[in-house]
Amino acid sequence: MPLWQLLIPENAFTPAEKADLAERITNIYSSDFSRENFGFELPKFYTSVVFHEIKEENYYVGGVPRKNFVQIEVVHIARSNEGAAASQGTTVEEILRRYYENINGFLKPYFFDRGYEVEFHAENAPFENWRIDGMTPPPPNSAAEARWYKENRSSPYDAVDADEAERLIASR
């Protein structure tokens, strides 16, 4: 999962703009770009995007109401920076450079060009804390994960993949 939570001013975006932004965010993780830059392509349904519209009188920064402020919080769990760096034969710093360069590029027309102040942070959560439909997600790059990618939904997977998932969790 990447889970994106965007705390935005009320009525900042139309439904069509939200849909476009959600698609762009999903494609960071589920496209040729993600495969080429990070060494993976996640099933699209792993990515969730939630828009929280905040009334001006309910958003304070430094104790002062702020009408043009956007807070973006991202939780990554399906892959780690270290894993992406290892699969690409590069450093975590290079993976983060690519990630933020892409983020800044697609945020620009939605936020920066519209005069919003933006605070962005991403954090990693342990894979072992993650469940989808009551199941531990399949191991990265496994046949079961490839099936989930193709079907764009979760489904039970066989004991071999389940054992591999448990070994992955135990090794962390």
Side-chain angles (χ1 to χ4, degrees), residues 1-88 90-134 136-137 140 152 154 169 172:
M1 124 184 143
L3 168 61
W4 279 61
Q5 297 196 70
L6 296 90
L7 290 80
I8 59 175
E10 192 173 37
N11 301 313
F13 300 110
T14 67
E17 289 171 326
K18 288 178 184 177
D20 184 60
L21 194 50
E23 182 179 352
R24 288 173 181 253
I25 290 167
T26 299
N27 287 336
I28 293 170
Y29 308 97
S30 303
S31 67
D32 292 341
F33 172 84
S34 60
R35 188 177 56 255
E36 292 164 6
N37 285 279
F38 309 124
F40 62 79
E41 219 174 331
L42 299 179
K44 286 188 174 192
F45 78 94
Y46 278 15
T47 302
S48 298
V49 179
V50 181
F51 295 92
H52 302 279
E53 293 194 8
I54 309 296
K55 293 182 182 200
E56 181 179 346
E57 65 267 17
N58 293 331
Y59 212 113
Y60 289 76
V61 176
V64 178
R66 194 71 64 92
K67 67 179 180 178
N68 287 339
F69 192 79
V70 172
Q71 175 78 39
I72 302 172
E73 302 172 351
V74 182
V75 179
H76 292 138
I77 200 165
R79 298 294 192 276
S80 68
N81 296 326
E82 293 78 14
S87 75
Q88 293 293 292
T90 190
T91 64
V92 168
E93 291 78 13
E94 175 60 17
I95 291 297
L96 291 172
R97 185 198 64 74
R98 294 174 191 174
Y99 180 74
Y100 285 113
E101 183 177 275
N102 185 337
I103 298 295
N104 288 338
F106 90 76
L107 291 180
K108 188 177 184 311
Y110 287 97
F111 298 101
F112 305 134
D113 290 351
R114 295 180 184 194
Y116 290 111
E117 299 174 71
V118 179
E119 183 174 330
F120 179 97
H121 86 271
E123 58 189 64
N124 293 311
F127 187 89
E128 61 267 16
N129 291 346
W130 185 31
R131 298 292 180 272
I132 296 179
D133 296 330
T136 300
N152 200 31
S154 67
I169 288 171
R172 291 182 180 212

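Worth knowing before you read on, the calculation uses all heavy atoms, side chains too, and leaves out hydrogens, waters and symmetry mates.
To the nearest 0.5 angstrom, Glu10 atom CD is 14.5 Å from Tyr59 atom OH. Atom CE of Met1 and atom CH2 of Trp130 lie 8.0 Å apart (nearest 0.5 Å). Taking CD1 of Ile103 as the start and CD1 of Ile28 as the end, the distance is 3.5 Å to the nearest 0.5 Å. Here the NZ-CG distance, from Lys55 to Asn11, works out to 10.0 Å after rounding to the nearest 0.5 Å. Put simply, CZ on Phe111 and CG on Leu6 are 5.0 Å apart, with the number rounded to the nearest 0.5 Å. Within the model, atoms OG1 of Thr91 and CG of Asn81 stand 10.5 Å from one another, a figure rounded to the nearest 0.5 Å.
Proximity of Arg79 to Pro140: side-chain heavy atoms (C-beta onward) are separated by under 4.5 Å at one or more points. Contact annotation: the side chain of Phe127 approaches that of Pro137 to within less than 4.5 Å [non-hydrogen atoms, C-beta and beyond]. Between Phe69 and Leu7 there is no side-chain heavy-atom pair separated by less than 4.5 Å.
Using cut-offs of 30° and 60° for the angle between ring planes, the Tyr99 and His76 rings count as perpendicular. Ring geometry for Phe13 versus Tyr110: interplanar angle over 60°, hence perpendicular rather than tilted (30 to 60°).
Smallest separation of non-hydrogen atoms from Pro43 and Asn152: C-OD1, 4.3 Å. Contact record, Gly83 with Ser80: N-OG, 2.9 Å, taken as the closest heavy-atom pair.
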Would His121 and Glu119 satisfy side chain to side chain donor-acceptor pair (under 3.5 Å), going step by step from the backbone distance to the final call? CA-CA 7 Å; His121 86 271; Glu119 183 174 330; 5.5 Å; no

Take Ile77 and Asn124 through the side-chain contact (heavy atoms from CB on, under 4.5 Å) test and state the conclusion after the steps. CA-CA 6 Å; Ile77 200 165; Asn124 293 311; over 6 Å; no

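At least one donor-acceptor pair under 3.5 Å links the side chain of Ser87 to the backbone N or O of Ala84. Proximity of a side-chain donor or acceptor of Gln88 to a complementary backbone N or O of Ala85 within less than 3.5 Å is not detected. Within the 3.5 Å criterion, the main-chain N or O of Glu117 finds no donor-acceptor partner in the side chain of Asn68. A distance-only check finds no donor-acceptor pair linking the side chain of Arg66 to the backbone of Gly63 [under 3.5 Å]. Checked by atom type and distance alone, the side chain of Arg98 pairs as donor or acceptor with a backbone atom of Asn37 at under 3.5 Å. Looking only at distances, no side-chain donor or acceptor of Ser30 sits under 3.5 Å from a matching main-chain atom of Asn27.
Aromatic pair Trp4/Phe120: ring centres closer than 6.0 Å. In summary, the aromatic rings of Tyr29 and Tyr46 are positioned with their centroids too far apart to meet the 6.0 Å limit.
Using a cut-off of 4.0 Å between Lys/Arg side-chain N and Asp/Glu carboxylate O, Glu17 and Arg114 are scored as salt-bridged. Between Glu94 and Arg97, at least one side-chain N (NZ, or NE/NH1/NH2) sits under 4.0 Å from a carboxylate O, which counts as a salt bridge. Using a 4.0 Å cut-off between a side-chain N of Lys or Arg and a carboxylate O of Asp or Glu, Lys18 and Glu53 qualify as a salt bridge.
No cation-pi contact links Arg24 to Phe106, judged by a cut-off of 6.0 Å to the six-membered ring centre and 45° from its axis.
For Phe33, the ring pair (Phe, Tyr, Trp, His ring centres under 6.0 Å) criterion is met by Phe38, not counting sequence neighbours.
Side-chain contact check for Ser154 and Asp133: at least one donor-acceptor pair (N or O, by modelled atom type) lies under 3.5 Å.
Just one residue in the list Leu21, Leu42, Thr47 forms a side chain to side chain contact (heavy atoms under 4.5 Å, CB included) with Thr26, and that residue is Thr47.
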